[in-house]
Amino acid sequence: LAALGQPFFTDMPPKIAVDWFPPYQRVMASLSMPIGAALGFVLPSAFGLQNMLYVHLIWTSAALLLILLCFNASPSRPPSPESSHQHAGKSFGKELQAALCNGRLWCLICSFACSLGSFNTLSTLAAQLVG
């Protein structure tokens, strides 16, 4: 069930970067996801899992409150001409149908699924050998 949301989270940093940052700052803005994932692996081992769960609860609750109270859906002035582009009249269903009919997308999905499955299999086997 959680995997259904993964495409939305993995595609969110570049979308936010295009909407909120000028072109010269977008690379740094897009690095938020990998840096956050790296910190998510390192910090629990440094401070203990139980403590990190409480820290995570407090941090995400504070971030949610700030987002709900202080952020708009988009900046008042677009940072670049590309970010002012809107999807003119296209519905989510039509865009999803077009994406699912794209053969190149399916090649990408299959190659990613095979590589991720292989990585998870090897890391599981390695954990069994070590542990």
Side-chain angles (χ1 to χ4, degrees):
L1 183 61
L4 293 175
Q6 184 176 1
F8 296 103
F9 289 114
T10 55
D11 293 339
M12 196 179 310
K15 171 72 172 131
I16 291 172
V18 166
D19 287 346
W20 285 88
F21 295 95
Y24 66 92
Q25 293 177 343
R26 290 184 187 158
V27 172
M28 288 301 293
S30 296
L31 286 175
S32 63
M33 182 129 175
I35 291 172
L39 286 174
F41 282 112
V42 172
L43 291 178
S45 61
F47 297 110
L49 184 60
Q50 186 69 29
N51 293 333
M52 282 308 299
L53 288 175
Y54 291 124
V55 169
H56 185 71
L57 173 69
I58 293 167
W59 172 253
T60 53
S61 299
L64 176 66
L65 275 172
L66 285 173
I67 288 169
L68 291 176
L69 295 175
C70 301
F71 278 75
N72 298 325
S74 63
S76 57
R77 278 186 315 143
S80 67
E82 298 92 26
S83 62
S84 64
H85 170 72
Q86 297 293 325
H87 295 282
K90 290 186 178 179
S91 70
F92 176 75
K94 288 181 182 178
E95 289 189 23
L96 181 63
Q97 182 181 8
L100 294 177
C101 293
N102 186 341
R104 291 181 178 175
L105 175 67
W106 283 107
C107 289
L108 182 65
I109 289 172
C110 290
S111 64
F112 179 76
C114 290
S115 63
L116 184 63
S118 300
F119 172 77
N120 287 339
T121 301
L122 291 174
S123 61
T124 301
L125 291 174
Q128 290 176 355
L129 290 175
V130 173

Side chain to side chain, S61 and L65, heavy atoms closer than 4.5 Å: no

Partner set under side chain to side chain donor-acceptor pair (under 3.5 Å) for Y24, not counting sequence neighbours: none

CG-CE distance between L57 and M52, expressed to the nearest 0.5 angstrom: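 One finds 11.5 Å between CG of L57 and CE of M52.
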
Distance in Å, L53 CG paired with F47 CZ, rounded so as to fall on 0.5 Å steps: 14.0 Å

Residue pairs, two or more places apart or on separate chains, that pass side chain to side chain donor-acceptor pair (under 3.5 Å) and touch residues 107-123: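 Every candidate side chain to side chain donor-acceptor pair (under 3.5 Å) pair involving residues 107-123 fails, so no pair, neighbours aside, qualifies.
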
Nearest non-hydrogen partners of R26 and F21, listed with the distance: NE-O, 3.0 Å

Going by atom type alone, with no hydrogens or angles, which donor-acceptor pairs under 3.5 Å involve a side-chain atom of residues 100-109 and a protein atom two or more places apart or on another chain?
from : atom 1 : to   : atom 2 : distance (Å)
N102 : OD1    : R104 : N      : 3.0
W106 : NE1    : L100 : O      : 2.6

Heavy-atom neighbours of Q97 CD exceed 12 at 6.0 Å: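 Check fails, neighbour count at 12 or below.
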
Shared hydrophobic cluster for L43 and I35 (ILVMFWY, side-chain gaps under 4.5 Å): yes

